[in-house]
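All remarks here apply to the structure that follows.
Every chain is numbered from 1, with letters handed out A, B, ... down the list of sequences.
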Amino acid sequence: MDLRVSLPGLELKNPILPASGCFGFGREFSEFYDLNELGAITIKAATSEGRFGNPTPRVAETSGGMLNAIGLQNPGVKRIMEEELKFLEQYETPILANVAGSTEEEYVEVARELGAHHRVNALELNISCPNVKEGGIQFGTDPSLAASLTRAVKSVSEVPVYVKLSPNTGDIVEMAKAVEGAGADGLSMINTLVGMKLDLGTGRPILANGTGGLSGPSIKPVAIRMVYQVSQAVSIPIIGMGGVTCVEDVLEFLLAGASAVAVGTANFQNPLICPELIEQLPELMDRCGYGSVQACIGRSFKHEETSLSGT
Amino acid sequence: MDLRVSLPGLELKNPILPASGCFGFGREFSEFYDLNELGAITIKAATSEGRFGNPTPRVAETSGGMLNAIGLQNPGVKRIMEEELKFLEQYETPILANVAGSTEEEYVEVARELGAHHRVNALELNISCPNVKEGGIQFGTDPSLAASLTRAVKSVSEVPVYVKLSPNTGDIVEMAKAVEGAGADGLSMINTLVGMKLDLGTGRPILANGTGGLSGPSIKPVAIRMVYQVSQAVSIPIIGMGGVTCVEDVLEFLLAGASAVAVGTANFQNPLICPELIEQLPELMDRCGYGSVQACIGRSFKHEETSLSGT
Amino acid sequence: MLKKDDMHVLQNKWIASNTFEMKLTGRFVNSMKQPGQFLHIKVGDGTSHVLRRPLSIANVDHHIVTVIYKIVGKGTKWLSERKIGETVDVIGPRGTGFPIEGVRNEHIVLIGGGVGVPPLYYLGRKLVQQSNTVTSVLGFQGKDGVFYEDAFRELGETLITTDDGSYGYKGRVTDLIGVLNQDVTQYFSCGPKPMLKGVSETFTIPGFISLEERMGCGVGACFACVCETSDPEDSKGYRKICQDGPVFPAGEVVL
Amino acid sequence: MLKKDDMHVLQNKWIASNTFEMKLTGRFVNSMKQPGQFLHIKVGDGTSHVLRRPLSIANVDHHIVTVIYKIVGKGTKWLSERKIGETVDVIGPRGTGFPIEGVRNEHIVLIGGGVGVPPLYYLGRKLVQQSNTVTSVLGFQGKDGVFYEDAFRELGETLITTDDGSYGYKGRVTDLIGVLNQDVTQYFSCGPKPMLKGVSETFTIPGFISLEERMGCGVGACFACVCETSDPEDSKGYRKICQDGPVFPAGEVVL
Ligand SMILES: Cc1cc2nc3c(=O)[nH]c(=O)nc-3n(C[C@H](O)[C@H](O)[C@H](O)COP(=O)(O)OP(=O)(O)OC[C@H]3O[C@@H](n4cnc5c(N)ncnc54)[C@H](O)[C@@H]3O)c2cc1C
Ligand SMILES: Cc1cc2nc3c(=O)[nH]c(=O)nc-3n(C[C@H](O)[C@H](O)[C@H](O)COP(=O)(O)OP(=O)(O)OC[C@H]3O[C@@H](n4cnc5c(N)ncnc54)[C@H](O)[C@@H]3O)c2cc1C
Ligand SMILES: Cc1cc2nc3c(=O)[nH]c(=O)nc-3n(C[C@H](O)[C@H](O)[C@H](O)COP(=O)(O)O)c2cc1C
Ligand SMILES: Cc1cc2nc3c(=O)[nH]c(=O)nc-3n(C[C@H](O)[C@H](O)[C@H](O)COP(=O)(O)O)c2cc1C
Ligand code: FES
Ligand code: FES
């Protein structure tokens with residue numbers, strides 16, 4: 001069974017990678033398994049300076065999902081390079097580095113630094129974090145701002161750039177086309193849906209930030225729909241994510257048009273989820289009649305073509 | 001415990017009503033309980049002519065939710081008035097009649113007819129059905145179209161008009177303000193999120209329509225967030241809905257700013273859910289220190305004011 | 001008033017490949033009189049599964065109702081894990097079953113495929129009680145999947161087919177229609193759509209077929225389970241499988 | 001390598017108002033050496049609950065670990081329904097506990113409130129084993145909620161307070177700090193934040209406190225459970241409760 005996928009900047013030996021923010025910088029999960037088993041590693045968002053993020057509570061559980069409002073806490077791009085990327089040097093797994101910021105200048109600065117680091121294989125432009133007041137969010141909802149940011153980052157990045165799309169929009173295809181037109185090498189989708197949960201005791205939101213980002217199984221149908229629609233409208237590859245908890249979900253994302261599949265929230269319930277999915281994928285693909293990951297990608301809409309072409 | 005809520009056109013003896021499309025025209029549920037127990041009844045969308053709707057399968061289950069693509073099947077406004085509203089004459093419960101259409105003219109025509117029926121207390125303008133190809137959907141995503149439709153319907157309707165908002169937008173507050181400005185007497189929110197599920201066997205979407213509307217517990221955090229944001233931005237009342245399955249959910253919607261709470265998908269799992277919620281609500285309100293439904297509404301953001309005013 | 005009930009599990013056992021027989025008792029068993037109706041069963045804990053699962057009534061005897069189900073997904077998996085003494089939340093009986101009132105002294109053929117077989121057993125028992133002669137033609141995927149063969153034999157002649165020929169006749173139930181006795185007066189059939197199509201196109205005698213469709217409410221309120229009528233002049237143009245069906249006169253709806 | 005384990009439930013019983021004591025055994029019990037650490041426990045079936053629940057280690061004895069939990073929501077409700085012989089999916093031991101290596105011949109006071117009491121029992125046992133004198137001050141809501149009183153008495157002097165005065169002293173644990181013996185050298189405390197604040201502001205001797213926060217990963221990867229350091233010059237400026245804590249020197253982090 002051929003699990004390999006070749007994407008701009010990322011030669012994956014299998015299509016499974018952890019999603020940004022749900023895996024830190026890999027250190028903690030390296031206590032559970034060998035990170036070399038992964039197709040790639042997405043590291044947590046970096047900003048130019050360190051950030052403390054939002055007040056706590058920062059997470060709340062919902063039916064089949066969770067809300068988070070971490071607020072991009074990170075030690076800043078310099079320390080990430082010195083401490084975290086340094087730690088990751090012992091592994092060979094390709095690294096996708098998530099880039100965040102409040103202003104176009106900040107994104108550009110972080111992208112320039114991270115993109116130049118020898119251990120970073122591609123950048124993931126996080127224009128969709130719903131949890132920071134200033135910046136970030138408007139880049140994710142306005143196609144022309146997103147395009148101009150993509151262009152600016154592309155012009156300084158030494159590695160391919162994936163743009164991570166927000167589902168909090170009326171027209172995801174328009175966003176995808178805008179960043180493709182601006183030179184994005186790939187897309188990551190989806191980030192979290194904006195949600196809220198109230199504490200019936202106090203009457204107030206549970207999260208100190210009020211709103212948070214909804215992730216987990218509840219959002220999977222929205223993610224699958226968006227990957228399905230966008231993958232037919234653009235020609236750059238998609239890293240699909242949103243609610244993956246089992247190998248059937250991985251295949252569903254591939255069939256919907258994703259070329260690789262990221263796992264976020266499920267790492268919290270089961271820290272061994274990524275290697276387990278990698279182990280289980282070949283058997284499911286075989287059972288469903290697919291000989292390679294490549295053959296699964298986009299099958300939900302390429303079906304007829306392929307049957308007709310008789311291969 | 002005072003459960004009464006007074007809304008434009010609707011004097012509710014309790015804040016619980018079934019959501020449109022999940023309750024037919026009440027007939028089937030009248031075999032389970034006396035419909036007079038309900039605060040109000042929302043009937044299924046009416047169009048000017050009868051519609052068959054989409055091909056089957058029309059529903060699929062997801063984690064903590066479901067997708068539907070019924071496609072506004074209904075017998076047409078004339079037969080609804082002759083057969084269904086006729087049947088409902090034996091009950092006293094106020095009726096909120098859901099109005100759909102493909103063109104502004106169709107909405108206006110249906111609204112004129114239904115609004116003139118003596119058994120209809122208010123209209124619910126469904127500008128958010130994600131499951132019909134022509135029409136409907138664009139009214140729900142374009143604030144100026146939504147406003148002009150609201151204005152047109154208001155000008156012919158003899159009863160108050162509630163506009164039902166779609167969550168498939170980047171800015172729900174803007175939509176709400178647009179229809180409020182156009183004269184809407186109230187809002188219903190939220191309708192379903194557009195989603196998809198694939199059948200791994202065939203590789204294709206399970207729903208014949210491809211995409212469908214996601215409802216049920218999975219969407220509740222999105223609904224609560226939207227009600228919370230919109231209720232602070234407008235001064236017309238909101239009928240809140242999305243994923244209600246228990247009395248805690250009802251209170252959460254009230255605290256978030258809804259004045260009444262509609263129950264959709266949960267009717268399928270438990271046909272007795274509405275009377276059960278009505279029965280259980282007083283005890284929970286009492287436990288949380290609320291003496292009336294009125295006192296719960298919007299407490300999540302009115303908290304401070306109220307504590308300060310010392311009442 | 002129609003009600004739902006927490007029915008008690010009296011038995012839940014493996015009877016064929018991935019196929020379970022569950023016996024339940026509760027307040028409404030005595031109203032489960034018409035074969036072809038189904039129970040609408042809540043699966044899972046809390047809100048993990050928002051939709052109920054329709055399962056045909058396979059038998060009713062001494063205040064006990066039997067359903068026979070195949071594990072195909074999470075809901076039926078969950079059901080298979082229910083233990084004796086637990087309760088299961090059931091709405092039912094739902095739908096319109098086989099119209100057998102007044103059917104007497106006829107020779108009737110029952111044609112079932114896979115999980116379409118269960119309702120035919122209760123139907124067959126009722127028909128025999130009403131002095132009819134019953135011949136059953138039952139199709140399964142393979143030998144491992146065959147269930148209730150002896151029970152059907154007690155009702156009358158019974159022919160078994162398997163797709164892979166591992167038991168009985170190799171092939172489809174429709175292949176056997178030609179060999180049936182000429183005096184057959186009516187047929188009743190339940191199974192996958194292609195089978196029902198084959199059956200209703202092959203027979204010239206009148207018959208009734210039972211359809212499956214993904215359901216929302218299961219009570220007639222949501223329009224999830226509709227099918228079109230064959231007669232374009234029909235005043236409604238559609239039927240709801242959960243309410244008007246699942247049993248229809250052959251030819252009434254488009255397959 | 002850190003692992004997760006399906007631990008076997010040996011006991012799960014009601015010991016006080018809505019409070020359960022669960023005993024588990026599994027492969028990693030022997031690594032649960034440091035009091036103050038917690039187990040990160042999966043609750044619910046499938047994906048109904050995406051987050052694990054942190055519960056303090058209340059005792060370890062003969063390859064058996066004890067947790068004591070109060071039912072406050074769906075997860076703890078689910079836990080309370082686990083039966084003997086079933087397994088529970090556990091990650092642990094997690095976090096950094098009370099630093100008691102080398103603590104000998106001291107007089108130590110343990111101050112706990114509600115579900116903050118459990119970790120203090122394992123801590124107290126270890127301290128007594130290391131030849132320390134232990135005084136425990138334990139606060140509960142009311143008489144019904146009191147648990148492990150005798151167990152603590154076996155370790156040393158034990159004072160109980162209840163909010164409503166229905167048992168022991170009426171009031172808060174902080175009210176009793178004044179009456180404590182002057183020779184107390186250190187305190188260890190676990191309970192709600194306002195209590196920890198009170199305790200650390202009242203005492204002048206050194207102490208350690210154990211914090212609670214809503215957790216995502218529970219392993220240090222998601223930054224859900226951070227708190228700020230009191231020292232604004234601290235090189236990181238924050239601590240992760242699930243990894244650097246839950247136990248911190250009093251005064252290290254902002255309460
Ligand atoms: C009127 C009627 C009678 C039936 N009687 C029987 C019976 O006696 N024995 C039996 O084994 N099966 C019967 N079925 C099929 C049975 O309902 C499905 O196999 C079952 O719902 C699958 O649930 P699941 O959770 O295991 O599968 P999943 O695929 O996980 O179910 C997901 C969703 O799809 C629906 N679904 C999946 N397959 C079917 C199907 N074939 N028909 C309708 N809905 C489906 C489920 O109800 C659920 O809502 C009947 C179906 C209908 C409509
Ligand atoms: C380090 C640590 C040790 C703990 N030790 C114990 C113990 O020994 N005994 C005990 O009874 N309780 C303990 N708690 C609190 C316990 O984790 C919560 O009561 C429990 O998670 C509630 O889960 P639930 O599903 O019943 O409640 P719900 O309110 O339904 O839980 C919803 C979410 O909120 C989180 N949550 C709710 N309350 C708390 C809380 N107080 N602290 C942290 N997260 C919370 C849950 O983990 C879950 O993610 C500890 C908490 C922490 C952080
Ligand atoms: C706690 C948490 C933190 C996250 N942090 C980031 C982040 O820093 N950058 C980012 O692009 N996405 C972040 N995300 C979004 C995830 O990468 C992912 O897009 C989303 O959670 C959907 O996937 P899932 O349902 O598998 O979790 C975060 C998600 C969670 C739950
Ligand atoms: C099967 C089904 C049919 C629906 N039909 C309609 C409709 O005709 N008109 C409408 O405004 N909303 C319709 N809705 C949306 C619901 O009224 C409600 O807004 C949505 O389902 C969210 O609530 P819930 O999570 O409680 O189901 C339908 C929903 C479902 C599940
Ligand atoms: S399933 Fe709802 S109408 Fe049949
Ligand atoms: S809970 Fe994730 S870092 Fe502590």
Handout entry: B:Glu279, CD atom: more than 12 neighbouring heavy atoms under 6.0 Å
Key =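 No - once you tally the heavy atoms of other residues, nucleotides and ligands closer than 6.0 Å, there are 12 at most.
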Handout entry: More than 12 heavy atoms from other groups under 6.0 Å of CZ on C:Arg172
Key =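 No, the 6.0 Å shell around CZ holds no more than 12 heavy atoms from other groups.
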Problem - Parallel, tilted or perpendicular, as decided by the 30° and 60° cut-offs, for the rings of B:Phe29 and B:Phe23 - result: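 Because their plane-to-plane angle is under 30°, the rings of B:Phe23 and B:Phe29 count as parallel.
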Problem - Greatest number of heavy atom pairs closer than 4.5 Å to chain C - which of B:Gly65, B:Pro75, B:Gly50, B:Cys22 - result: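 Top option by heavy-atom pairs under 4.5 Å: B:Gly65.
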Practice task
Would you mind telling me which of B:Pro271, B:Gly53, B:Ala60 has the largest number of heavy-atom pairs within less than 4.5 Å of chain C?
Solution key: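 Maximum pair count with chain C is reached by B:Pro271.
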Problem - Check: C:Phe208 ring centroid to C:Tyr187 ring centroid under 6.0 Å - result: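 Distance test on ring centres: not under 6.0 Å, no.
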Handout entry: Lys NZ or Arg CZ of B:Arg58 over B:Phe52 ring: under 6.0 Å, within 45°
Key =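 Satisfied, under 6.0 Å and within 45°.
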Handout entry: Heavy-atom contacts under 4.5 Å, residues 66-83 of chain C to chain B
Key =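 Those residues of residues 66-83 of chain C which would need a heavy atom under 4.5 Å from chain B do not exist here.
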Exercise for the section: Scan C:Arg52, C:Lys42, C:Arg53 and name whichever one has a salt bridge (charged side-chain N to carboxylate O under 4.0 Å, His left out) with C:Asp89. Expected result: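 Considering C:Arg52, C:Lys42, C:Arg53, a salt bridge (charged side-chain N to carboxylate O under 4.0 Å, His left out) with C:Asp89 is found only for C:Arg52.
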Exercise for the section: Using a 4.5 Å cut-off on heavy atoms from C-beta on, say whether the side chain of B:Val77 contacts that of B:Glu49. Expected result: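 Heavy-atom side-chain distance check fails, nothing below 4.5 Å.
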Handout entry: Residues in side chain to side chain contact (heavy atoms under 4.5 Å, CB included) contact with B:Pro217, at least two apart in sequence or another chain
Key =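 Per chain and number, B:Pro217 pairs via side chain to side chain contact (heavy atoms under 4.5 Å, CB included) with A:Ser63, B:Thr245, C:Thr47, C:Val50.
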Exercise for the section: Could you look at C:Gln243 and say if it's the side chain, the backbone, both or neither that has a heavy atom under 4.5 Å from chain B? Expected result: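 The side chain, not the backbone.
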Exercise for the section: Give the member of C:Val226, C:Ile91, C:Val219 that has the highest number of heavy-atom pairs under 4.5 Å with chain B. Expected result: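 It is C:Val226.
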Handout entry: chain C contact via B:Arg27 - which portion, at a heavy-atom distance below 4.5 Å
Key =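 Interface part for B:Arg27: neither.
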